[in-house]
Amino acid sequence: MILRTQNGPAVGVRGVTLRAVSDKRWRVLDRTGRVIGHLRAEAQSTGIRFHAERFDLASARLRHLGAFWSADEAIDCLRYLR
């Protein structure tokens with residue numbers, strides 16, 4: 001999966017839409033257009049890790065939900081931890 005969509009159109013991934021927020025962060029929207037979280041890519045020496053994050057209103061910051069070796073796994077985390 002190629003996630004480079006900084007200035008391009010939104011990318012669809014298995015029932016969700018990704019909209020680029022920055023070079024390495026995407027807003028994840030469900031089929032109805034509701035934001036379910038953020039996906040962040042981080043390059044490491046062993047490969048790219050994808051982090052699932054969700055905005056927490058109580059603390060007014062993004063809460064880390066987990067790090068995964070594929071974007072699909074990170075998106076599944078956001079989808080199932082609603």
Side-chain angles (χ1 to χ4, degrees):
M1 165 189 334
I2 298 173
L3 298 174
R4 285 172 270 183
T5 61
Q6 177 60 23
N7 293 318
V11 174
V13 179
R14 292 187 334 155
V16 298
T17 301
L18 301 178
R19 297 208 187 269
V21 176
S22 68
D23 289 343
K24 297 181 182 182
R25 184 181 302 273
W26 297 267
R27 187 170 291 123
V28 182
L29 295 86
D30 66 9
R31 292 178 196 261
T32 64
R34 193 173 97 195
V35 176
I36 60 172
H38 287 86
L39 176 68
R40 179 173 52 91
E42 176 185 20
Q44 297 182 343
S45 61
T46 54
I48 296 176
R49 295 286 280 183
F50 293 94
H51 299 269
E53 301 172 334
R54 182 165 288 139
F55 187 73
D56 182 21
L57 278 174
S59 63
R61 64 182 181 91
L62 287 172
R63 183 170 42 117
H64 187 260
L65 300 178
F68 305 90
W69 288 112
S70 78
D72 287 332
E73 290 174 342
I75 290 168
D76 284 344
C77 175
L78 291 170
R79 185 181 291 139
Y80 298 123
L81 287 180
R82 288 207 263 182

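Starting from 1, each residue takes its place in the sequence as its number.
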Partners of E73 by side-chain hydrogen bond (donor to acceptor under 3.5 Å, both in side chains), sequence neighbours excluded?
none
Identify, with sequence neighbours excluded, every residue that meets side-chain hydrogen bond (donor to acceptor under 3.5 Å, both in side chains) alongside T46.
none
Among all residues two or more places apart in sequence or in another chain, which pass the side chain to side chain contact (heavy atoms under 4.5 Å, CB included) test with R63?
D56, L65
Not counting sequence neighbours, which residues clear side chain to side chain contact (heavy atoms under 4.5 Å, CB included) with D76? List them please.
R14, R79, Y80
Close side-chain approach of V16 to L78, heavy-atom, < 4.5 Å:
no
Sub-4.5 Å side-chain heavy-atom contact between R25 and L62
yes
Correct closest heavy-atom pair for R31 and G15 would be CG-O, 3.3 Å
Nearest heavy-atom neighbours spanning A41 and W26
CB-CZ3, 3.8 Å
Which pairs would a plain distance check flag for residues 32-40, meaning a side-chain donor or acceptor within less than 3.5 Å of a matching protein atom at least two apart in sequence or in another chain?
unit_1, atom_1, unit_2, atom_2, d
T32, OG1, D30, OD1, 2.7
T32, OG1, D30, OD2, 3.4
R40, NE, E53, OE2, 2.9
R40, NH2, E53, OE2, 3.2

Members besides F68 in its Ile/Leu/Val/Met/Phe/Trp/Tyr cluster (side-chain heavy atoms under 4.5 Å)
none
Taking ILVMFWY side chains as joined if any heavy atoms are under 4.5 angstrom apart, and letting links pass through other members, which residues group with W69?
none
Could you tell me whether the side chain of R27 and the main chain of V21 form a donor-acceptor pair under 3.5 Å?
no
Give me each pair satisfying salt bridge (Lys or Arg N to Asp or Glu O under 4.0 Å) with a member in residues 41-52, each pair once, sequence neighbours excluded.
none
